[in-house]
Number of protein chains: 2
Amino acid sequence: MLEARLNEAATLKRLLDAIKELVQDANFECNEEGISLQAMDNSHVALVSVKLEAGGFRKYRCDRPIPLGVNLGSLTKVLKCAKDDDICVLKATDDGDVLSLTYEARNADRIAEYDMKLMDIDSDTLGIPDTDYEARVTMPAAEFTRIVRDLSNLGESVRIEVSKEGVRFASDGESANGNILLKQTEAARERYRNYGEEDEDEDVEMKDEDDEEGGSKKKTRSKVKKEKVKKEDGDEGEEGEEAEANGEAEDNEDGEFKAKSDDEGEEEVSDSEEKKKKRKRPSASNGKPKKKAKKSDDDDLPAGGVSIEMTQHVNLTFSLKYLVNFSKSSTLSDTVQLMLKNDVPLLVSYTFGQGHIRYYLAPKIGDD
Amino acid sequence: MLEARLNEAATLKRLLDAIKELVQDANFECNEEGISLQAMDNSHVALVSVKLEAGGFRKYRCDRPIPLGVNLGSLTKVLKCAKDDDICVLKATDDGDVLSLTYEARNADRIAEYDMKLMDIDSDTLGIPDTDYEARVTMPAAEFTRIVRDLSNLGESVRIEVSKEGVRFASDGESANGNILLKQTEAARERYRNYGEEDEDEDVEMKDEDDEEGGSKKKTRSKVKKEKVKKEDGDEGEEGEEAEANGEAEDNEDGEFKAKSDDEGEEEVSDSEEKKKKRKRPSASNGKPKKKAKKSDDDDLPAGGVSIEMTQHVNLTFSLKYLVNFSKSSTLSDTVQLMLKNDVPLLVSYTFGQGHIRYYLAPKIGDD
DNA sequence: TGATCCACAT
DNA sequence: ATGTGGATCA
C-alpha cells in the first residue's frame, strides 16, 4: 500500500509537464525509498529518470514495492484539476490497479478525489551506466533554456564543448551559425562547489573504490574527479580518442540505451545511491508550506553564474530538439547541471526539493 | 416606446457573452417591470432566463410591453462597439422594428449610436414551474467554474449530491473518475443567510400560502423552507422517491421544458415575483458610476465560502457541457447559487446589480 | 487550423 | 504584475 502526501501539487504538475511530451506511458516505481520513474522516449534516444524521495514528502509510506503503470496524459489531465498549492495525497493498493489522487485545499473546505486507472507496462528496468563524467557544468536553468531555444531556431543540433575557456554551445544552420560561450564565474564556482552533493545524490567526489572497475558494463560513480581538474586541458582539440584509449568504451556508445532485464540483479543508479545518502534532507519532511516558493525549496544558492568543472576537454554534439524538451524542467529548479564525457550520453540534471529529474541523451556520432 | 439608460454597457456585453452560445435569437420582453428574456437552447434541454429590472437602470421608461426580437449575434456585434464603462441607452418604438443603442462616454465627449434591425420571433412563453427546491448551494462563482471545467475534462456529466456532509460534484470518465466535496463554511452560511432575498427575489423562506397546491402544474415559490433544514437528513441515499411520493411529480420530469401558449394565463415566474418585490433596490437607479466595480454592485458579501441549505438529500446528474456554458456568467457576479430538487431541473442563478440570469437544466434521467 | 485576446492563477 | 490556459475570431 502506498500513501504519499505531497505538500504542493504543483511539484507533480510541473514534473508531468516536463516529461509528458517525451514519454506517453511509464511505471512509477514506488518503494520505501520513494517514487521513481525511468523511461525512454519513443525513439530510444533519450532517457528520463525521475526520483521523488520519500523524505521529500510530508508523509510517505510504501509497505512494499509497487509499480504504477501510468498513462502520463491521463495523469496530466487529473493533475490539472489540482490547484498549485493544494496538498496532494497519492494512494494505491498493492495490486496497483488504480491510483488515487486527493487534493486538499489548504483550509480543508474542499477535498477533491480522483481515481485513475492504471495499466500494465512492460518495463525492462533500464540500465543507466554510472559514468565518470569528464566535465560538469552548473548553470541557471533559465539560461540553458534560452540557449537551446535560441540555437534550435538556427539548426538541428548543438555542439557542446567544455574547455578551460568555458563551455561553448555551437550550432550551424542554413541561414546562420551561432555559438554561445559561457565563462566560468568565480563566484559561481564557489557557490556550486557542493551543489548536488548536499541536496541530492550526485556524488561527485571521492569513493573511487565504489566503482566496480572490472565489469564489462562498467559502473562507476557519477562524478568528476576533482583532483584531476585542470590537469588534462592539454588534450583539447580532438574528441573521443582519450576515452577510448582508456579502454572505457561504454557499451551504449552506439547512442542507444539498452534495456536490461529485471533479474539481472543490478540496481538502478538512483536506488543504489539513495541508500547511501539517506542522511540528507532530514528536515524535508517537516513540510513547511513555504508560500510563494515557486520553484522549489532545494537550494539556498539562489541563482546566476556558471560553474565548470572538468578533467578533460569534451566536445559532443546533441540533438537540440531533445535539449529543448529537457529544458522544460526549468519549472522545477532554478539550476541545471550538465554532465559530459566524450562519446557518452549527456546527463542533464535538475534537482529540486523532493528529488530530481535527469535526462540522458546520446550524442550524435560523427559530429554531424 | 422604450427608453432604458444603463450605467455600464459592460453589463449588457457580459450578458450577451454569457448567453449567445446557448441561444441565437430571442425576444427581449420590455415592460414596466424591466426587460426580460427567456429562451431555450437548441436542444431544448436548457433554459435561460434573464431579468434586467427597471430599477436597475439609471432611467427606465416603457409605456407598454414591447417584444424586441433580437438576433443575439448581431447584438453582440453592436455591443462590441461600446466601451465597458460607456453609458448605454436602449431605445425602441412601440412597433419594435429597430433597437437603437446609444453609447455615451462618461464625459459626454463621444456619443455613438447604433440601430439594429429586429426580427419577429415566435415566442411561446416558457413555463418555468416555480419549484420548492430541496437544496440551495451558494458558492463563489469562480469555484463553480473551476469545478465544472475540471470535471468536463474527465467526463460528460456530473452528479451533484447535496447531503449533510456538503455538496459533492462527481464525474466518471474513461481514464479517471473525480469528485469534489465542498463543505459548508460556517462563515459563509452566515454571510449568505439572506443572499437572494434582500437583493433579489429568490423568496427562500415563508409564504407557503402562495403555492397553488392543487394545480396539476404545481407552482410553488422558489425556496428552501428554512424550518426544515437539517430535519430530513435521514432520507439520504436514494434520490427522488420522496419527491414523487409527495405527488409533486413535475410535468417536465421528462427532462424537457414545455412551451406554454401565451393565452394560458399563467404568469412567468419572474414576472409574478417581481411584482411582489418592487420595494427592493430603491437606490439602484441612483446610478453611482462605481468605477472599476467590475463584477457588479450587488452584494457587499465579497467572496469565499460555501453555504448549503437543504431540506432533503438530493442527488442529480447533469450534462457538464451545459454547466460549463452557464458558468460563463461568472463575469456577471462573484457568487452563484445552485437550487436543486430531486428529479427536477437544476437552477443555476447569478444575481448582479441590475438583475439576474438564471439557467435551468434538466437532469439526466437514470443517473447515467 | 492558427493566431489573437481575455481571464484565471500564481 | 506576470505567465499560462481557454475561448474566440480570421
Side-chain angles (χ1 to χ4, degrees), chain A residues 6-21 73 75-88 103-107 110 112 141-142 145-146 149 289-297 303 324 327-334 352-353, chain B residues 8-24 71-85 139-154 180 292-296 302-304 320-336 350 352:
Chain A
L6 194 60
N7 249 319
E8 290 184 284
T11 303
L12 268 181
K13 295 175 74 167
R14 298 201 189 100
L15 200 47
L16 266 102
D17 283 343
I19 63 174
K20 67 169 193 285
E21 300 233 342
L75 181 54
T76 301
K77 266 191 196 171
V78 172
L79 283 170
K80 282 200 191 305
C81 303
K83 295 185 72 174
D84 273 10
D85 61 350
D86 282 349
I87 292 164
C88 174
Y103 309 138
E104 302 174 16
R106 294 208 107 73
N107 36 302
R110 170 177 49 85
T145 301
R146 178 64 196 259
R149 232 194 46 211
K290 266 196 186 175
K291 272 283 181 58
K292 290 275 138 203
K294 178 92 175 283
K295 281 305 175 53
S296 60
D297 33 15
V324 168
S327 72
K328 286 180 185 166
S329 293
S330 60
T331 52
L332 285 159
S333 171
D334 287 332
F352 50 93
Chain B
E8 291 183 284
T11 303
L12 268 182
K13 295 175 73 168
R14 299 201 188 101
L15 201 47
L16 267 103
D17 283 343
I19 63 174
K20 68 169 193 286
E21 298 234 341
L22 217 49
V23 183
Q24 280 65 55
N71 174 280
L72 300 190
S74 304
L75 181 53
T76 301
K77 273 187 192 167
V78 172
L79 283 169
K80 282 203 190 305
C81 305
K83 293 185 68 180
D84 273 8
D85 61 349
M139 68 165 115
E143 187 146 30
F144 181 66
T145 302
R146 175 69 194 255
I147 288 170
V148 295
R149 229 193 47 208
D150 280 353
L151 293 182
S152 71
N153 286 325
L154 299 183
I180 296 115
K292 287 277 135 201
K294 177 97 176 279
K295 283 304 176 55
S296 61
L320 277 164
K321 186 181 83 183
Y322 287 97
L323 296 182
V324 168
N325 205 317
F326 299 169
S327 71
K328 287 179 185 165
S329 293
S330 60
T331 50
L332 286 159
S333 171
D334 286 332
T335 304
V336 63
Y350 294 84
F352 49 94

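Each chain gets a letter, A, B and so on, in the order its sequence line appears, and its residues count up from 1.
Atom NZ of B:Lys321 sits in a sparse spot, with 12 or fewer heavy atoms from other residues, nucleotides or ligands closer than 6.0 Å. For NZ of B:Lys13, the number of neighbouring non-hydrogen atoms (other residues, nucleotides, ligands) closer than 6.0 Å is greater than 12. Heavy atoms from other residues, nucleotides or ligands lying under 6.0 Å from NZ of A:Lys20 number more than 12.
In this structure, CG of A:Asp17 is placed 17 Å from P of D:dG3, rounded to the nearest angstrom. For B:Asn325 and D:dA7, the CG to P distance is 11 Å, given to the nearest whole Å. To the nearest angstrom, P of D:dT8 lies 15 Å from CG of B:Leu72. Straight-line distance from the CG atom of B:Asp150 to the C1' atom of C:dA9: 12 Å, rounded to whole Å. As rounded to whole Å, 13 Å separates atom P of D:dG5 from atom CG of A:Leu16. Summarising the geometry, the separation between CZ on A:Arg14 and P on D:dG3 is reported as 15 Å, rounded to the nearest angstrom. As a whole-Å value, the separation of B:Leu332 CG from C:dA7 P is 12 Å.
Mapping B:Lys80 and B:Arg149 onto DNA chain D via the closest heavy atom, the residue that lands nearer the 5' end is B:Arg149. When each of B:Asn153 and B:Lys20 is assigned the nucleotide of DNA chain D bearing its nearest heavy atom, the one mapping closer to the 5' terminus is B:Asn153.
The shortest distance between side-chain heavy atoms of A:Asn7 and A:Arg106 falls below 4.5 Å.
Within the structure, a side-chain polar atom (N or O) of B:Lys328 is placed less than 4.0 Å from OP1 or OP2 of D:dT8.
Contact annotation for B:Glu21: backbone-only contact, meaning every heavy-atom pair under 4.0 Å involves sugar-phosphate atoms and none involves a base.
The side chain of A:Asp84 lies closest to C:dT10, out of D:dC9, C:dT10, D:dG6.
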